[in-house]
Amino acid sequence: MRTDDPLQQAGDEPLPPVRDVLAAIATGLWRWDNAAGTVTLDAEAARLLGLPPRAQTLTEAGVRSRFHPVDWNEIDGIVQLAVAEGTLAEARLRIMDEQGRRVLRIVRSRSKPIVDEATHAYELIGTLQEVTEPPPGAAARSPVTGDWRRSREAFLLDAGRALAEARSTEEVLRVASGLSMPGFSPDGLGVFGVEGDRLKVIGHYGHQPGDDLPFSAMTLDTDYPAAEVVRTGRAVYLSSPEEYHRRYPATWPLAQPFDRQSWAFLPLTVAGRTMGAWLAAFAYPVSFTPDERSVLTTVARMLAQALSRAGVAESERELTEGLQRSMLPLLGPRIPGMSVAARYVPTGGGLQVGGDWYDMIPLPNGRIAFVIGDVQGHDVRAAGLMGQLRIALRAYASEGHRPDAVLSRATRFLSGITDGIAIGSDGDPAGDASDARFATCLYVEADPATGVLEIARAGHPEPAIRMSDGTVLLRPTAGGLPLGIDPDADYPTTRLVLEAGETMLVCTDGLIETGGHDLDSGWKRIRKILEEDGGDGDDGLEELADTLVQAVHGPSSHQNTGPLVDRREDDIAVLLLRRAAHLVHRTPARRTVLTVAQAEPERIAGARRHVRELLHDWAVPDQVDSAVLMVSEMITNVLVHTDGDALLVAEVIGVPGSRRLRAEVSDSSDDLPHKRHPGELASSGRGLVLMELLADEWGVDPRGEGKSIWFELYEGAADSEDSAPAPAPAPPE
């Protein structure tokens, strides 16, 4: 006889079907299709879930409503671990009634995940069997999960990840309240801290508001478990009310009304120092086996680390935000005839502080100074230098100095303190010279009554003006080196006029260059926003400031991030100044003024670009080219034939299609130009000839000190000489 032959016995009969056997031992079959979100039950499984005893297919949500929510959250981690390891998923689940208030029974689930290699979707096929709860006084509450190790590892991995991602104390407490421990879950939690010689309730869960009051004023020498844990650094486990009453009779009356059956008080220890205690209270008796104590101890350590990190982060945020708030001023009282809006947004990384700032300073002469600047760097040192420089600028301005003098004094001030840093406080030349900093700055002195702006610029981006008709121009202004580079640098002043209804934008380069833009492409983006959303009134100016920031920085909420939210390379400071529009009706007009100094002939190219931008929507491109050419000729003649500067004033009046451009260039020379007849090879002498050919009207007017040469173009006027020019609209009153 072969040894591997099956044994034959008399009377062998076929075994009954598997379903009949499972039904006989009260075990149900179920299948969970994760991709389809459906659960199929046989009659016995349906009965165990409190459903009619017949085979049926339910949605995942329908089945979830039959389980205790804590157990359902726990099984998710167990299933994921089983899918990853290719092993069985075992768990204990409480079946609830339809109202979710009463536990009908406790079932044990064993299932095998079947994973589709192509789609990575999986199905669970398993069994359900009713189990009995251990009696309250049992020596040990063995978990009904078939594999305690897997359940514990899955729980600790999930808990560790969730606590590590928490960024605030409130978020840590929220995560702790949602932890579902394998096989036993507390229904009351409390976190105690230490404040002086007293316990402090940091947070609690599973209690009513006000329940924490009796525990929040206890001294550390009180006969209370949490106080003992803080004093000794050792955990306290209380398995029954009798044990609690016996060990802590003085404070048992405080715990008795909560109707708990077991308590665990564990120390929150970081770097060898006990910073508080964690309370886990249970509605049923728990014997606290070594496995259960191990889980509680591990959770307490993770909770302590998370609370410590959150506390440090919150302290840093509070410190840096307080520092930044103390250094950034509030805008002053309302200015008659003008509206102001400002924004500051720190960089998205690091300490949330930087060197950008703005300020508004009342001056002794009744004018208002507006300052915006950027100290090199995005750290606490940059913020400190920014605060010192802002105070110095305010002091110089309050003394009544002109804009150029204010910046000249400021550059000497910054050079002095940064040189002191580089040399070292003891004069040692081995100091760190790399910590020397510079700063860009734009200083504007504004006269609210007339709209006159006197601007001095130290390496800062130039201002932009949004005119009353929506046209946006970048206003070229004279400037010098950034502050702190050359203590003897000069800062020339440029005078502009902010007309009624116009808005001036000054900002730091963070607004322009955020998102990978350079100065040119960044200004195009800002110009588009200004043109599309001018923001009428004070509220409109505030909305415009928010729109500018959000367009480049993205919304502040992490739930609704913008396309550039991960590219917050620099701080952003924005200052908007608007002169109130007159209530009387005015003919639509745009006006610009530009000075070209004798020593800056390269600014002629900027003047040409300025005129072209002023006429960006002019109907006849040839007339735009003509205007640019004539302006260039007029300014060049002033620089070549006189010793003074050229002042360009250009104004567009009227409605589109029938507007008039008037451009005039003034200088301080009394010598009047005259028409010349240059030869073929002559390099000059054709300026007035061009004016006569290209302009609809032109002329030369003597002034009290000097003269002005001007021309006019009428939009859409015929080019032929025999065509009369369109009548110019009446100038505004």
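As the structure is a computational prediction, the values presented were derived from the model and not from experiment.
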Q) Side chains of T57 and T40: is there a donor and an acceptor less than 3.5 Å apart? A) yes
Q) For R309, does the CZ atom sit with more than 12 other heavy atoms under 6.0 Å from it, leaving out its own atoms? A) yes
Q | Closest contact, heavy atoms only, V229 versus T274 | A | O-CG2, 4.2 Å
Q | Shortest non-hydrogen contact from R247 toward Y237 | A | NH1-O, 3.6 Å
Q: Answer yes or no: does atom CZ of R234 have more than 12 heavy-atom neighbours from other residues, nucleotides or ligands under 6.0 Å?
A: no
Q: Drop me the distance from T251's OG1 to H245's NE2, to the nearest 0.5 angstrom.
A: 10.0 Å
Q. Can you tell me how far the CZ atom of R293 sits from the OG1 atom of T297, to the nearest 0.5 Å?
A. 8.5 Å
Q.
Around atom NZ of K528, are there more than 12 heavy atoms from other residues, nucleotides or ligands closer than 6.0 Å?
A. no
Q. When rounded to the nearest 0.5 angstrom, what is the spacing between CG in L268 and CE in M302?
A. 12.0 Å
Q. Should P241 and Q261 count as side-chain neighbours, where that means a heavy-atom distance under 4.5 Å?
A. yes
Q | L254 backbone acceptor or donor facing Q256 side chain under 3.5 Å | A | no
Q.
Can you give me the closest heavy-atom contact between A551 and I529, atom names plus distance?
A. CB-CD1, 3.3 Å
Q | Any donor-acceptor N/O pair, R66 side chain to L49 backbone, under 3.5 Å | A | yes
(Q) If only side-chain N and O atoms count, and only distance matters, is there a donor-acceptor pair under 3.5 Å linking T222 with T219? (A) yes
(Q) Are the side chains of M218 and R198 in contact, using a 4.5 Å heavy-atom criterion? (A) no
**Q.** Aromatic ring pairing F192/Y224, orientation class (parallel under 30°, perpendicular over 60°, tilted between)
**A.** perpendicular
Q. Got I572 and D356 here, is their nearest side-chain heavy-atom distance under 4.5 Å?
A. no
Q) Counting distance only, does the side-chain N/O of R105 pair as donor-acceptor with the main-chain N or O of L48 below 3.5 Å? A) yes
Q: Would you check if L307 and V191 make a side-chain contact, meaning some heavy-atom pair closer than 4.5 Å?
A: yes
Q) Taking all atoms of both residues into account, what is the closest heavy-atom pair of Y284 and S262, and its distance? A) O-OG, 3.5 Å
Q.
Assess whether a salt bridge exists between R525 and E513, defined as any Lys/Arg side-chain N lying under 4.0 Å from an Asp/Glu carboxylate O.
A. no
**Q.** Student check: side-chain heavy atoms of M275 and R273 closer than 4.5 Å
**A.** yes
Q. Backbone N or O of Q129 within a donor-acceptor pair of the R110 side chain at under 3.5 Å?
A. no
Q: Check the pair I95 / I106 against side-chain contact (heavy atoms from CB on, under 4.5 Å), numbers first and verdict last.
A: CA-CA 6 Å; I95 307 302; I106 298 176; over 6 Å; no
Q | S111 OG to E90 CD distance, which is reported to the nearest 0.5 Å | A | 8.5 Å
Q. Got N34 and P113 here, is their nearest side-chain heavy-atom distance under 4.5 Å?
A. no
Q) Taking the six-membered ring for Trp, are Y244 and Y248 parallel (under 30°), tilted (30 to 60°) or perpendicular (over 60°)? A) perpendicular
Q) Is E292 close to V286 at the side-chain level, that is, under 4.5 Å between some pair of heavy atoms? A) yes
Q: Go through the steps to decide whether L279 and W263 satisfy the test side-chain contact (heavy atoms from CB on, under 4.5 Å), and finish with yes or no.
A: CA-CA 7 Å; L279 160 65; W263 300 261; 4.1 Å; yes
Q: Supply the atom-to-atom distance K112 NZ to T127 OG1, rounded to the nearest 0.5 angstrom.
A: 14.0 Å
Q: Taking S308 for its side chain and A304 for its backbone only, find out whether a donor-acceptor pair lies under 3.5 Å.
A: no
Q) With distance as the sole test, does T59 use its side chain to make a donor-acceptor pair with the main-chain N or O of G62 at under 3.5 Å? A) yes
Q) For the residue pair R260 and F258, what are the closest heavy atoms and their distance? A) NH1-O, 2.9 Å
Q) side-chain contact (heavy atoms from CB on, under 4.5 Å) between D546 and R343: does it pass, once the steps are laid out? A) CA-CA 8 Å; D546 290 333; R343 293 291 183 272; 2.7 Å; yes
Q: Could you tell me whether a side-chain N or O of D33 sits under 3.5 Å from a main-chain N or O of T38, the two making a donor and an acceptor?
A: no
Q) Any chance CZ of R47 has more than 12 other-residue heavy atoms, nucleotides or ligands included, within less than 6.0 Å? A) yes
Q | Which atom of L199 lies closest to which atom of A227, heavy atoms considered | A | CD1-N, 3.9 Å
**Q.** Rounded distance [0.5 Å steps], OG1 in T27 versus CG in L128
**A.** 9.0 Å
Q) Could R94 and F67 be counted as a cation-pi pair, given that NZ or CZ must be under 6.0 Å from the ring centre and within 45° of the axis? A) no
Q) Between F288 and L238, is a side-chain contact (heavy atoms from CB on, under 4.5 Å) present by the stated rule, with each step listed? A) CA-CA 9 Å; F288 298 113; L238 304 171; 5.7 Å; no
Q.
Are the side chains of V345 and D571 in contact, using a 4.5 Å heavy-atom criterion?
A. no
